[in-house]
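Heads up, the thing below is written out as structure tokens.
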Amino acid sequence: MNELETLRHSCAHVLATAILKLWPEAQFAAGPPIATGFYYDVDLAHRITPEDFECLEKEMRKIVEAAQPFERQVVSREEALAMGQRGALASLGERSMPSRFKVDIIEHIPENETITLYRNGEFTDLCAGPHVADTSKIGAFRLTHVASAYYKGDEKNPQLQRIYGTAFATQEELEAYFQMLEEAKKRDHRKLGKELQLFTFDEDVGPGLPLWLPKGAVLIEELEKLAKETEFQAGYQRVRTPHIARDTLYKTSGHLPYYAESMFPPMELEEKEGGEKTVYYLKAMNCPHHHKLFAALPRSYRDLPLRFAEHGTCYRYEQSGELMGLMRVRCMQMNDAHIYCTEEQFASEFQAVNEMYLKYFKIFGVERYQMRFSTHDPAKLGQKFVDDPILWKKTEDMVRDVLVKSGINFVEIPNEAAFYGPKIDVQVWSAIGREFTLATNQVDFAVPPRFGLTYTNSENKKETPLCIHRAPLGTHERFIGFLIEHFAGNFPVWLAPEQVRILPISDKLTSYAQTILSELRAQDVRATADLSSEKIGAKIRAAQIEKVPYMVIVGNREEAAGQLSLRSHSKGDEGSFTKENFYHRLQEEIKTRK
RNA sequence: GCCGACGUAGCACAGUGGUAGUGCAGCUGAUUCGUAAUCAGCAGGUCAGGGGUUCGAAUCCCCUCGUCGGCUCCA
């Protein structure tokens, strides 16, 4: 635990102390520090609401001012349990009810571990520590929100109230944090998406099913253009597959019934005699379709690696409570591709995929990223993971090797792999430091054999290929959600839905404005002209608010000289340009995706 | 799916038992203007939907739908 985490964890104890002052019967579970502060889970008949915060914070402040020292005490398991039974853990003294969550926690502490208690004032808690020296060291804190959480995160356990707060060493840092949150709110893709008319949702269409307005559709098309160029250069071939498939496909892939609850319910057609039904599913992933394309023709080792790419549309029945703007949807279009290769080709193919990720990060100005390399747990072979220890080891070693050699920033997480092979999730941080899980990259050695995929090797023997699933741009939905927040809606010119707006100073300039408009459109520039009778200041204001990267202002002077006056969204007035110079600059910026 | 909060015009919000309001956006007209808001007029709502309590409901109660904050899950 670092210094800040220690401080925040101590603050959680102070929160618990304050809650007990008001509701002595409260039962506490866990109260750890988290990335944004801390929380404490509490079971309490009274529903704590934000209206209670003022009162709680007042109590907390008293405790902080009292500078109560945190005292550590080592106790035996028996002693700890006995105290828990007397209700003396996470409490201000003995109570008639046992401290039941704490007792449960003690029972799950491994035999060889020391059990410690921490006391501040009258409050004693079961806690591994560490803590700050005394409560006055906590600095600045604030309670932020309440939510519910299952005990130990398990749906079968009781739901507790989770009180969230945050704490910093100084008041200034606390205020800076809330200012950052305000900034984040302004950039929220749901808010900007509405304001910039990028996408919408409609009750009659359904939750989690975004409708893309023309401006949002431009973003999608530009991303696809980028992906198509990049993938073409990297030797991918484009394929297209239907949005539905029969249940037999998913039986072969192993997704049914394993994945069934994440899929939309099946469509059952009463077609055959004897009442046997033909069943179709909306596809939740593209891999099985692509595997069928691999199987469609006899394949030789000379054909490998074979790289099938498609912006495949997938449907997943996400739980209603999980849906969140564009970040979590039920209909998504993936920047998907499957690479079929031999074991010998694996390392270089995997390396090339990683390089593609890095190329994209550079284009979008993603400076902070991390790859989470998820591996299997040997104890769960045959249950959570396909039972093939040799291939697990082999593929994991290959992936780790590539990651280490290419100097990519990664962490290894055991027990998180996909059931068919190790996977890599890509976390990126937006310009204001918000974290997103954007893309995935998985090795699959289990499903190709299920589909009986083979190629003929140089010795005329059948062999099963390895498959790499990769989606560097994730899904359109989530990636665009990320880009909106990353750029705060100020998209670079190549991506901007409206690239140039022409603003004539008066009606007399309409025809010159239209000349420029048609010249720009002839060069595939997404331009419009504001021919309203507003004054120039109002037109500029509108264009600024709509975040149009370039404004072209034309008056009598410009018309006479065949020039234009340029104003950029970010830099303001840039002065006079000849039309040709401006067009050249624009084309250059669009082409290089600057 | 679960717990909690919320849902008033395209958007941002006011209205807490007695005739639905403000600002921006929109439409019409006037204005023809040089780098972030010209003026005037008009129009726009089954107060998410349904049921109930009441002489009377945006307001109180119940159900459904949706959104938000979390939990679990994931691109």
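The chains referred to below are lettered A, B, ... by the order of the sequence lines, with proteins before strands, and numbering in each begins at 1. Note that this is a predicted model, so its numbers are computed, not measured.
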TODO: May I ask you to verify if any side-chain N or O of A:Arg557 is less than 4.0 angstrom from the OP1 or OP2 atom of B:G34?
DONE: no
Open item on the list: On a heavy-atom basis, which atom in A:Leu223 and which in A:Leu473 lie closest, and how many Å separate them?
Closed with: O-CD1, 4.1 Å
Open item on the list: Does A:Ser565 reach a base, just sugar-phosphate, or nothing at all? Heavy atoms under 4.0 Å.
Closed with: base
Task: Check: A:Ser533 side chain, B:U32 base, donor-acceptor under 3.5 Å - done: no
Task: Residue A:Thr440, side-chain atoms from C-beta onward, closest of B:G69, B:A75, B:C3 - done: B:A75
TODO: For A:Met332, report the nucleic acid contact type (base, sugar-phosphate, nothing); a contact means any heavy atom under 4.0 Å.
DONE: base
Task: Gap between atoms CG and P, on A:Leu181 and B:G69 respectively (whole Å) - done: 12 Å
TODO: Remember a base hit wins even if backbone is also touched, and classify A:Met327 as base, sugar-phosphate or nothing at under 4.0 Å, heavy atoms.
DONE: base
- [ ] Could you check how far CZ of A:Arg372 sits from P of B:A75, rounded to whole Å?
- [x] 11 Å
Task: Shortest side-chain distance from A:Arg541, nucleotide among B:A37, B:C71, B:A30 - done: B:A37
TODO: From the options B:U38, B:A37, B:U35, select the nucleotide whose nearest atom is closest to the side chain of A:Glu534.
DONE: B:U38
TODO: Considering only atom C1', compute the distance from B:C6 to B:U19 and round it to an integer number of Å.
DONE: 28 Å
Task: C1' spacing across the pair B:G7 / B:U16, given as an integer number of angstrom - done: 16 Å
- [ ] Identify whether any heavy atom of A:Glu318 sits under 4.0 Å from a base atom; if not, whether one sits that close to sugar-phosphate; answer base, sugar-phosphate or nothing.
- [x] base
- [ ] Identify whether the distance between the nearest side-chain nitrogen and carboxylate oxygen of A:Arg328 and A:Glu322 falls below 4.0 Å.
- [x] yes
- [ ] Report which part of the nucleic acid A:Leu438 touches: base, sugar-phosphate, or nothing (heavy-atom distance under 4.0 Å, all strands).
- [x] sugar-phosphate
Task: Rounded P spacing from B:C47 to B:U31 in Å - done: 41 Å
TODO: Choose from B:C71, B:C68, B:G1 the nucleotide whose nearest atom is closest to any side-chain atom of A:Ser320.
DONE: B:G1
Open item on the list: When the C1' atoms of B:G26 and B:A48 are compared, how many Å lie between them, rounded to an integer?
Closed with: 23 Å
- [ ] Output yes when at least one side-chain N/O atom of A:Lys539 is less than 4.0 Å from OP1 or OP2 of B:C33, else no.
- [x] no
Task: Nearest-Å distance once atom P is located in both B:U54 and B:U59 - done: 16 Å
TODO: Please work out if A:Thr475 contacts a base, only the sugar-phosphate, or nothing of the nucleic acid, heavy-atom cut-off 4.0 Å.
DONE: base
- [ ] Look at all strands and tell whether A:Glu558 reaches a base, only sugar-phosphate, or nothing, counting heavy atoms closer than 4.0 Å.
- [x] base
- [ ] Take the angle between the ring planes of A:His13 and A:Tyr40 and call it parallel below 30°, perpendicular above 60°, tilted in between.
- [x] tilted
TODO: Mark yes or no for a side-chain to base donor-acceptor pair under 3.5 Å between A:Arg316 and B:C73, with no hydrogen or angle criteria applied.
DONE: no
- [ ] Answer yes if the side chains of A:Ser430 and A:Glu485 hold a donor-acceptor pair under 3.5 Å, and no otherwise.
- [x] no
Open item on the list: Any base atoms under 4.0 Å from A:Ile536, or only sugar-phosphate, or nothing? Heavy atoms, all strands.
Closed with: sugar-phosphate
Open item on the list: Without decimals, in angstroms, what is the distance between A:Asp507 CG and B:G29 P?
Closed with: 13 Å
Task: Pair partner, B:C74 [Watson-Crick or wobble, under 3.5 Å] - done: none
Open item on the list: Of the listed nucleotides (B:G34, B:A37, B:U31), which one gets closest to any side-chain atom of A:Ala538?
Closed with: B:A37
TODO: Measure from the side-chain heavy atoms of A:Glu322 and tell me the nearest of B:C73, B:C33, B:C74.
DONE: B:C73
Task: OP1 or OP2 of B:C68 under 4.0 Å from side-chain N/O of A:Arg328 - done: no
- [ ] Have a look at A:Lys571 and say if it touches a base, only the backbone sugar-phosphate, or nothing, with a 4.0 Å heavy-atom cut-off.
- [x] nothing
Task: Residue matched to B:U22 through Watson-Crick or wobble contacts both under 3.5 angstrom - done: B:A12
Task: Under 3.5 Å donor-acceptor pair, A:Ser148 side-chain atoms to B:G70 base atoms - done: yes
Open item on the list: At 4.0 Å (heavy atoms only), tell me whether A:Ala439 reaches a base, stays on the sugar-phosphate, or touches nothing.
Closed with: sugar-phosphate
Task: Pairwise 5' ranking along RNA chain B for A:Lys194 and A:Ile553, keeping only the more 5' one - done: A:Lys194
- [ ] Provide, to the nearest angstrom, the distance between the CD atom belonging to A:Glu203 and the P atom belonging to B:U64.
- [x] 15 Å
- [ ] Let me know the distance between CD of A:Gln319 and P of B:C71, rounded to the nearest Å.
- [x] 13 Å
TODO: For the side chain of A:Ile540, starting at C-beta, report the closest nucleotide among B:G34, B:U35, B:U72.
DONE: B:U35
- [ ] Could you say whether A:Ile545 or A:Gly325 is positioned toward the 5' end of RNA chain B, judged by the nucleotide with the nearest heavy atom to each?
- [x] A:Ile545
Task: Between B:G4 (C1') and A:Leu160 (CG): distance, integer Å - done: 14 Å
Open item on the list: Distance check, P atoms only: B:A37 and B:G21, in whole angstrom units.
Closed with: 32 Å
Task: Residue A:Tyr317, side-chain atoms from C-beta onward, closest of B:G1, B:C2, B:G34 - done: B:G1
TODO: Determine which nucleotide pairs with B:G34, using a 3.5 Å limit on both distances of a Watson-Crick or G-U wobble pair.
DONE: none
TODO: Test A:Glu231 against every option in A:Lys225, A:Arg307, A:Arg238 by the salt bridge (Lys or Arg N to Asp or Glu O under 4.0 Å) rule and name the one that passes.
DONE: A:Arg238
Task: Polar contact flag, side-chain donor to acceptor under 3.5 angstrom, A:Thr437-A:Asp425 - done: no
Open item on the list: Whole angstroms only, please: what is the CG-P distance between A:Asp530 and B:A36?
Closed with: 15 Å
Task: Cation-pi, A:Phe168 ring and A:Arg8 (6.0 angstrom, 45 degrees) - done: yes
- [ ] Would you kindly give the NE2-to-C1' distance between A:His145 and B:C3, to the nearest whole Å?
- [x] 13 Å
TODO: Report which part of the nucleic acid A:Arg162 touches: base, sugar-phosphate, or nothing (heavy-atom distance under 4.0 Å, all strands).
DONE: sugar-phosphate
- [ ] Between B:U28 and B:G34, how far apart are the P atoms? Round to whole Å, please.
- [x] 25 Å
Task: Shortest non-hydrogen contact from A:Arg470 toward A:Met356 - done: NH1-SD, 3.3 Å
Task: B:C39: pairing nucleotide in any strand, Watson-Crick or G-U under 3.5 angstrom - done: B:G29
TODO: Name the nucleic acid region contacted by A:Tyr164, choosing base, sugar-phosphate or nothing; use a 4.0 angstrom heavy-atom cut-off, strictly under.
DONE: sugar-phosphate
TODO: Quick one: look up who B:C68 pairs with, Watson-Crick or G-U, both distances under 3.5 Å, and put none if it's unpaired.
DONE: B:G4
TODO: Report which part of the nucleic acid A:Val329 touches: base, sugar-phosphate, or nothing (heavy-atom distance under 4.0 Å, all strands).
DONE: base
Open item on the list: Can you confirm if the aromatic rings of A:Phe419 and A:Phe385 lie within a centre distance of less than 6.0 Å?
Closed with: no
- [ ] Any strand is fair game: report the nucleotide pairing with B:C47 by Watson-Crick or G-U wobble, both distances under 3.5 Å, or none.
- [x] none
Task: A:Glu589 with A:Arg585: basic N within carboxylate O range, under 4.0 Å - done: yes
TODO: For the side chain of A:Lys508, starting at C-beta, report the closest nucleotide among B:C71, B:U32, B:G70.
DONE: B:U32
- [ ] Name the nucleic acid region contacted by A:Gly537, choosing base, sugar-phosphate or nothing; use a 4.0 angstrom heavy-atom cut-off, strictly under.
- [x] sugar-phosphate
